[in-house]
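Worksheet: one structure, shown below.
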Amino acid sequence: MKVLATYSIKGGVGKTTSAVNLAAEAARTGARTLLWDLDPQGAATFFFRTTPRMKGGAKRMVGSKGALEPHVHATEQLGLNLVPADFSLRNLDLHLDDVKQPTKRLARLLEPLADDYDVAFLDCPPGITLTSESVFVAVDALLVPVIPTTLSARTIEQLAAFLEDLDGSGPLLLPHFTMYDGRKTLHRDLVGSLSRRWPGFCNTIIPSASAVERMGVERSPVAAFAPRSKAAVAFRRLWEETAVRLWGD
Amino acid sequence: MTSRMFTSADAPLPAVLAGLAAQGYEVGAAATVTRTLLDTFDGRLHGAGLRAEVEQVGDRMSLLVTGAGAVPARADVATVPRVVGDLPAGPLRSRLAPVVDVRALLPRVAVAARRRAVTRSDRGRVVVEAAVYDNLTGDTAADALAAYTVEVAEMAGYAQPAAALMRVLVDLGLQLTDGDTLDAARVASGVSAGGFDSSPRIPLAADVPAVEGFAAVLGHLAQAIEANWQGTVDDVDPEFLHDLRVAVRRTRSVLSQAKRVLPADVRHRYRIAFKELGDATGPARDLDVYVLEWSGYVAPIASRAADLEPVLAEIQRRREVAHVQLARKLGTRRAMRTLSAWQRWLADPRAGGPPGRDADAPLGGAVVDRITRAQKDLIERGRSIGPASPGEELHEMRKDAKKLRYLIECFGGLLPAAGRKAFVQRLKALQENLGEHQDAEVHVEQLRDLAGDLKGRGAAVPTLLAVGELVGQLEQRRQSSRDEFTQRFADYDSKATRLALAELLDAVAP
């Protein structure tokens, strides 16, 4: 099983949108997919119309006797399952701090599911916290949505620097542009300059699109209600690109 | 997500659907669906605990793969995947590729039906789903299939709603049944879940007359030849020709070992016939191997891959021509008559002439003698090969090793499984080395021939230079196999091998 996380230090850059749509695309191409909503906002849980309730809360889930499997819920898309979030995740850092080897806890929770799934997506809350450190240990790759603005560009620098300081080799960094508006000169310029600065940027760019905004109304991934939209096509291509990077041609 | 199937012999479907609606379940509109089970000819997916089916509803097609845990995989596909390479790059292809390898995915059984979804929702999402299939038609008589089936999906996190629906179905007069609708259609069609097993081993008793034992082994090999015949003619995938060719080689090998057992005339006639068949399959198989090994050959000079494309194209062209020629030869009346006559004789192995002198000797003793002699020949030849020996000697040694291997495999029913596998592993290590050497030699020759052809047709200089580099790579490979031979043979020509063989043969009852 490969573990990917949509992660950014900044909020509002499209982490959940990317996680939900890429997970849906992965499942659509035959990957047995798990999406773990780690954000107490529970947006991914909302998009998949699942009740935001974790039996025993986050404390029990990450506790020493906790497990992930009892929390798994099927979505309406075959091959895609979800670990929903609820508001108890706001204290996840505190609960992780209570266990031994907290930075390894998320990886340990995923281990028993490794034979049942081909890919797990972790939809992470923003910020650099103990939870994020635990995510960095658990994942094979970080999918980093980047809106082409100056502030977003700084977050890549900060993240790369932070990962360099961690012991051992960090996960593969897969930044990709989101909410791109080709009419804006700043967007065009920053896409060009950031791609040159960070050659690891994915080639696929996710456009700013009303279809993405409609996800909240439709409560589904974009491909479920607007499969031919530019956004759906872009996520399809982003998944293809990610799959080749991780599983080869 | 697994599913549970319910059927009924007497509860009419309209009443069941009305009963479900009365309980608050939503019954969707009917749509025509076709479900087709896919697997390789030899049932590799089934052997790996997997099941692949293609489902078509209208113009929407998907591939569903189950087994290997509770979570299914479903991929949207534009056409029925024929080979694993037809699937998009990603985890599903990566998962299936080592199982399926170069084999084609073939339709094994299909069922068409009318399908309705039965669902219940809670807070805007479906929490339980069942599929009701009726008007079932398949590759079998209509009355062999149930009038209707209901498959309840067991969705993670929603066990209670699924259990509640199952209770309702029982109350409506349905019973839980094993498998699912497609399984039921497969059983009704008489199609086995696994595929054809080309392995040569059959149960054998050491005390049966040798002629009957040999005929049983040859009969089993004849089944493998017949089973792989049409797939070879149609060039479905390279393994059909490979398995046909191996069955023919094993047949030839057993015939050569059948002196004094089978009637001399029969043996002579069919040794010639199977040699012709073996020779006919050679060119196409060599080119198949070339295409299969190509990426490995080119890898060390990957920067020249583009220059070598015309070479690969020519190899593929020659491969297609060779396969067309092979199909023609296999399709002749003579070939078909030979195979039929062979099968008729195998049904009565004492016909066709005076029996061999040892026809009634116990099979066990006859086989032990032959294995012992084959091992002796192999060791003697191996010991006679030195650094200056011509390549032809290694080729002959490869044949000796095959003779021994085929004896052990074909008469493996007489030998204890653990000891046989251990001994074959030792022999395999030697055979792999000899095989690498032989393949590299053959491919170097073919490349030189091909280069001449390409030059005559005005191929670009970079292409010819790249061919030269490739020949160099293959020569290195050949030489390195040659250099390794001494150690590989020394490992084989050892006390451990002698003990392993002795243990194996001592276990054969006299």
Side-chain angles (χ1 to χ4, degrees), chain A residues 1-2 4 22 24-34 45-55 68-84 112-120 218-220 223 227 236-237 239-249, chain B residues 1-3 49-50 52-55 60-78 81 84-98 117 119-129 131 151-162 295:
Chain A
M1 178 173 78
K2 300 263 189 228
L4 315 179
L22 288 175
E25 277 307 308
R28 198 189 59 77
T29 58
R32 297 167 300 167
T33 307
L34 180 68
T45 304
F46 174 78
F47 284 139
F48 283 111
R49 310 180 193 195
T50 304
T51 305
R53 185 175 56 233
M54 296 162 58
K55 214 169 169 186
L68 209 54
E69 201 270 329
H71 300 279
V72 173
H73 284 65
T75 67
E76 290 175 317
Q77 181 175 349
L78 191 64
L80 174 54
N81 287 351
L82 171 76
V83 175
L113 303 178
D115 289 339
D116 288 336
Y117 294 93
D118 299 307
V119 62
E218 302 284 345
R219 295 183 73 183
S220 294
R236 198 169 304 145
R237 289 204 180 122
W239 170 247
E240 283 166 8
E241 207 181 323
T242 306
V244 167
R245 296 272 282 266
L246 291 173
W247 282 275
D249 243 325
Chain B
M1 178 168 70
T2 50
S3 66
L50 298 172
E53 67 170 272
V54 165
E55 181 187 279
R60 196 188 159 193
M61 197 185 288
S62 53
L63 174 72
L64 183 66
V65 177
T66 51
V71 184
R74 177 149 83 189
D76 288 350
V77 292
V84 165
D86 289 345
L87 296 172
L92 181 60
R93 189 164 89 182
S94 297
R95 194 156 60 100
L96 297 186
T119 56
R120 192 195 282 285
S121 296
D122 180 29
R123 279 171 276 196
R125 68 147 294 162
V126 170
V127 295
V128 68
E129 183 161 358
E151 292 181 19
V152 180
E154 291 181 302
M155 298 161 66
Y158 299 100
Q160 279 175 354
S295 55

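Model, not experiment: these values are computed from the prediction. First the proteins, then the strands, lettered A, B, ... as listed; each starts at 1.
- Residue B:Val65: no heavy atom, backbone or side chain, is found under 4.5 Å from chain A.
- Of the two parts of A:Tyr117, only the side chain, counted from C-beta on, holds a non-hydrogen atom closer than 4.5 Å to a non-hydrogen atom of chain B.
- Using a 4.5 Å cut-off between heavy atoms, A:Thr51 touches chain B through its side chain atoms alone.
- Evaluation of the salt bridge (charged side-chain N to carboxylate O under 4.0 Å, His left out) test over residues 63-76 of chain B, restricted to residues two or more places apart or in two chains, returns A:Arg28-B:Asp76, B:Arg60-B:Asp76.
- Interface check for chain B: of the options A:Arg219, A:Glu240, A:Glu76, the most heavy-atom pairs under 4.5 Å are formed by A:Glu76.
- Interatomic distance, OG1 of A:Thr50 versus CG of A:Leu82, reported as 5.0 Å (0.5 Å rounding).
- Every residue meeting the side-chain contact (heavy atoms from CB on, under 4.5 Å) condition with A:Ala26, not counting sequence neighbours, appears here in chain and number order: A:Ala31, A:Thr33, A:Val119, A:Phe121, A:Trp239.
- Across B:Glu129 and B:Ala117, no two heavy atoms sit closer than the pair OE2-CB, 4.2 Å.
- If you measure heavy-atom distances from A:Asp116 to chain B, the contacts under 4.5 Å come from both the backbone and the side chain.
- At a 4.5 Å heavy-atom cutoff, the contact between B:Leu64 and chain A is made by side-chain atoms alone.
- Using a 4.5 Å heavy-atom cutoff, the side chains of A:His73 and B:Tyr158 are in contact.
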